[in-house]
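These notes concern the structure reproduced below.
Predicted model, so just to flag it, every value in this text is computed and none were measured.
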Amino acid sequence: MSTTTERHDLVATTIERDHWATELEAFTRRNAGRVASLEVDDPDVGAQSQERDYPFLGAAWDPNDRRVETMLGDFGGGGRHLTRGISSVTGIDILRDEAGRDHVLRVAHRPGQTLLTLQR
C-alpha cells in the first residue's frame, strides 16, 4: 500500500496509486479544520505561496479527470474559499511526525510539486 522513509523528525509515506482516493479521504477526516498553507513549486518559476493560514477543508483524487483537488477556506460557505486542481499527478506522499500526526501532504506532478503544510 505504501513505502515509508524517515526525514529528520518526520516520516514520509509514499501512497501507491491504487490507494490515492482512500488515503486522501482518510487524510481529510484526520485534518479537516486544521490551519494550512499551500505552496506550488515549479522549476521554471520557483516556489510560489498560494495561500497561508486557511482552514483545510479536504483533498480528493478525481479518477475521471485524473486530478487531485485540494480545498481550503472557511466552513459554512460564506467566506473565503480556494480550490486547487492538480493535474499530471505522479505521486502522493504524506509526512507525519513520530506520533503519527500529519504535517505535509505532498503531491508530485509534472513539472514540480504542490505542498499542503498543516500547522503544528
Indicate the atoms forming the closest heavy-atom contact of [X] with [Y], along with that distance.
X	Y	value
Ala36	Leu118	CB-CD2, 3.8 Å
Arg96	Gly100	CD-O, 3.6 Å
Glu39	Asp41	OE2-OD1, 2.6 Å
Gly85	Arg67	CA-NH2, 2.9 Å
Pro55	Gly33	CB-O, 4.3 Å

Report the distance from atom [atom1] of [X] to atom [atom2] of [Y], rounding to the nearest 0.5 Å.
X	Y	atom1	atom2	result
Leu57	Arg34	CG	CZ	14.0 Å
Phe27	Phe56	CZ	CZ	5.0 Å
Ser87	Arg110	OG	CZ	9.5 Å

Derivation of the side chain to side chain contact (heavy atoms under 4.5 Å, CB included) call for Arg106 and Ile92 = CA-CA 6 Å; Arg106 176 184 174 269; Ile92 297 174; over 6 Å; no

If you define the side chain from C-beta out and look only at heavy atoms, does anything of [X] sit under 4.5 Å from [Y]?
X	Y	value
Asn64	Arg66	no
His103	Asp97	yes
Arg30	Glu25	no
Leu38	Tyr54	no
Val68	Leu24	yes
Leu105	Leu115	no

Under a single-linkage definition using a 4.5 Å side-chain heavy-atom cutoff for Ile, Leu, Val, Met, Phe, Trp and Tyr, are Leu82 and Val107 assigned to the same hydrophobic cluster?
->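 Cluster IDs for Leu82 and Val107 match.
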
From Leu72, Ile94, Asp102, Val104, residue fulfilling side-chain contact (heavy atoms from CB on, under 4.5 Å) relative to Leu116 |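 Only one of Leu72, Ile94, Asp102, Val104 forms a side-chain contact (heavy atoms from CB on, under 4.5 Å) with Leu116, namely Leu72.
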
When you look at Thr70 and Thr114, which way does the side chain to side chain contact (heavy atoms under 4.5 Å, CB included) test go after all the steps?
-> CA-CA 10 Å; Thr70 60; Thr114 298; 5.7 Å; no

Audit row: Gln113, Asp42, side-chain hydrogen bond (donor to acceptor under 3.5 Å, both in side chains) steps and yes/no = CA-CA 7 Å; Gln113 66 181 355; Asp42 183 316; over 6 Å; no

Is there a side chain to side chain contact (heavy atoms under 4.5 Å, CB included) between Trp61 and Val89 once you walk through the steps?
-> CA-CA 10 Å; Trp61 168 247; Val89 177; 4.2 Å; yes

